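Accompanying notes for the structure given below.
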Amino acid sequence: MPDTSRRSYADLFRTPEFSPLFLSSAAHLAAQTVSGLALGTLVFRATDSPLLSALSMFGPALAQVLGATFFLSGADRLPPRATLAGLSLAFAAATAALALPGLPVWGMLAIVFVEGLIASLGGGVRWGLLTEILSKDGYLSGRSLFNMMNGVLQIAGYAAGGVLVTVLSPRLCLLLAAGLYATAAGVALRLSRRPSRTAGRPSVRATWRANARLWSARPRRHLYLALWIPNGLVVGCESLYVSYDPRAAGTLFACAALGMLAGDVTVGRLLPARLRPRLGVPLLVLLATPYLVLFLRPPLPLTAVLVALASVGFGATLVQQERLLALTPDELSGHALGLHSAGMLTLQGVSATLAGTVAQLTSPATAMTAMALASLAVTLTLTVASRRDAPDGGLLPVRVVSGPHGAGS
């Protein structure tokens, strides 16, 4: 049987509406990359605190849990074009406010928390729209290309951002990011007007009801935990790059993005469908293992290689998302992917806070190793539990179930 999930990338760009969604997301991500590095540098210079620096870069993710709890029903109940454009404009205004001279650190952290709150709908709206534009069969190829774009832009963004922060100033970089967010909003308006995927108004009750439905099936619970926790803990390692080596932070972020790009290309384009499902757990192990040696403070070239190698493991998320879509009703696809995105970002924020706290008490290198050990422990625990409960191996093999509702619904 042909692997219909592996459309060529040229075919994707010939699909109506794919290009504006892709370009709008690219501009949004570029803005996020530049603003995150600039803000983390600004806060670290002002406080000399690894914890506050990590919180400034990854703190918005902590607010995602509130969005997933109260507002996520809007992912399938709001018109996608207006919602994506409005989110980017809100980010533009908030990022411009971060550049105000004299703004105290607590004010910066309050703004980034608000940014996280308004972003809580973004993942569900964007990825739910992608399943409409490409259908579920094309989602893996489309998401792979988005992840590749993510890697390329992070490589370029962190490299350029590192130079701009040094040559110009963090505040000017924040204003540049605000302009990129505004550009993302303009491109999003090129999308066609579409009705919401699900009838009814967004509400807290609708959000709780959908969350409960998604969480009720054990296979989906295991997938959500595997999507959220192991890579969240490794992002905690990444949140310490600035304090680990302030002058080389941009290089380390760029190398991590390069590794993520390699993993996404491998999983999304090179691996046949029959092999993809069996690599989920090995990729999660690869994601954490290289960080175990950073407490030795290896030289920068070796550290950069280790960081890139570890980030290849982020390709596991494509394997897990493919299984999640197979187990999710079509009318909840946006909500399900939004819950994945919100939970993942929340765990990243929690992990950044935890990593910063450990680094404050010990050292950034020691904290990175501790977070990597925790990631491996969670992966092992989830794998054992999943294999015990599912005869097909749980997180490893995937049997895609046909029909509008999939399995476990």
Side-chain angles (χ1 to χ4, degrees), residues 31-64 91 94-117 119 154 157-158 160-178 232-254 256 291 294-295 297 300 303 307 345-371:
Q32 199 170 43
T33 302
V34 172
S35 64
L37 183 58
L39 186 61
T41 302
L42 187 65
V43 171
F44 188 69
R45 288 179 182 178
T47 64
D48 200 33
S49 168
L51 173 59
L52 292 178
S53 175
L55 276 177
S56 67
M57 294 186 70
F58 295 90
L62 291 171
Q64 294 280 336
F91 266 90
T95 304
L98 287 171
L100 292 173
L103 184 67
V105 171
W106 66 264
M108 295 178 185
L109 295 178
I111 290 174
V112 298
F113 182 84
V114 172
E115 284 184 330
L117 192 60
Q154 286 194 34
Y158 283 126
V163 173
L164 291 174
V165 165
T166 302
V167 174
L168 300 175
S169 72
R171 285 191 169 84
L172 286 177
C173 289
L174 288 169
L175 291 176
L176 172 63
L233 291 166
V234 171
V235 170
C237 299
E238 295 182 349
S239 73
L240 298 175
Y241 288 166
V242 172
S243 55
Y244 179 82
D245 192 339
R247 293 188 177 184
T251 299
L252 295 179
F253 277 117
Y291 283 100
L294 290 192
F295 77 97
R297 297 290 307 202
L300 178 60
T303 300
V307 163
L345 291 171
T346 297
L347 263 295
Q348 289 177 4
V350 170
S351 297
T353 304
L354 178 60
T357 302
V358 175
Q360 196 88 27
L361 298 174
T362 57
S363 71
T366 301
M368 286 180 175
T369 301
M371 300 298 284

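Quantities reported herein were computed from a predicted structural model and do not represent experimental measurements.
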Search all heavy atoms of [X] against all heavy atoms of [Y] and return the closest pair with its distance.
X      : Y      : answer
Ala355 : Met371 : CB-CG, 4.0 Å
Ala365 : Tyr244 : CB-CE1, 3.7 Å
Ala249 : Val242 : CB-CA, 3.8 Å
Gln348 : Gly232 : CG-CA, 4.0 Å

Requested in this report: Please assess Asp245 against Thr251 for the test side chain to side chain contact (heavy atoms under 4.5 Å, CB included), listing each intermediate value before the final yes or no.
Outcome: CA-CA 10 Å; Asp245 192 339; Thr251 299; over 6 Å; no

Report task. Report yes or no: does Ser363 contribute a side-chain atom to a donor-acceptor pair with the main-chain N or O of Ala359 at less than 3.5 Å? Result -> no

Requested in this report: Kindly say whether Gly236 contributes a backbone atom to a donor-acceptor pair with the side chain of Ser239 at under 3.5 angstrom?
Outcome: yes

For the [atom1] atom of [X] and the [atom2] atom of [Y], what is their distance to the nearest 0.5 Å?
X      : Y      : atom1 : atom2 : value
Leu42  : Leu98  : CG    : CG    : 9.0 Å
Ser35  : Leu176 : OG    : CG    : 9.5 Å
Thr362 : Met368 : OG1   : CE    : 11.0 Å
Glu238 : Leu252 : CD    : CG    : 10.0 Å

**Report entry** Stepwise side chain to side chain contact (heavy atoms under 4.5 Å, CB included) test for Ile111 and Leu103
**Finding:** CA-CA 10 Å; Ile111 290 174; Leu103 184 67; 3.9 Å; yes

Query raised in the report: Are side-chain heavy atoms of Pro170 and Arg45 found at a separation under 4.5 Å?
Result: yes

Requested in this report: Among Leu39, Leu174, Leu100, find the one that has a side-chain contact (heavy atoms from CB on, under 4.5 Å) with Met108.
Outcome: Leu39

Query - Steps toward side chain to side chain contact (heavy atoms under 4.5 Å, CB included) verdict (Ser243, Phe44) - result: CA-CA 8 Å; Ser243 55; Phe44 188 69; 4.1 Å; yes

**Report entry** Test side chain to side chain contact (heavy atoms under 4.5 Å, CB included) applied to Ser351 and Val235, step by step
**Finding:** CA-CA 7 Å; Ser351 297; Val235 170; 5.8 Å; no

**Report entry** Pair Thr369-Thr366, side-chain donor/acceptor within less than 3.5 Å
**Finding:** no

**Report entry** With Tyr241 via ring-ring contact (aromatic ring centres under 6.0 Å, His included) - residues at least two apart
**Finding:** Phe253

Query - Residues forming a side-chain hydrogen bond (donor to acceptor under 3.5 Å, both in side chains) with Thr95, sequence neighbours excluded - result: Glu115

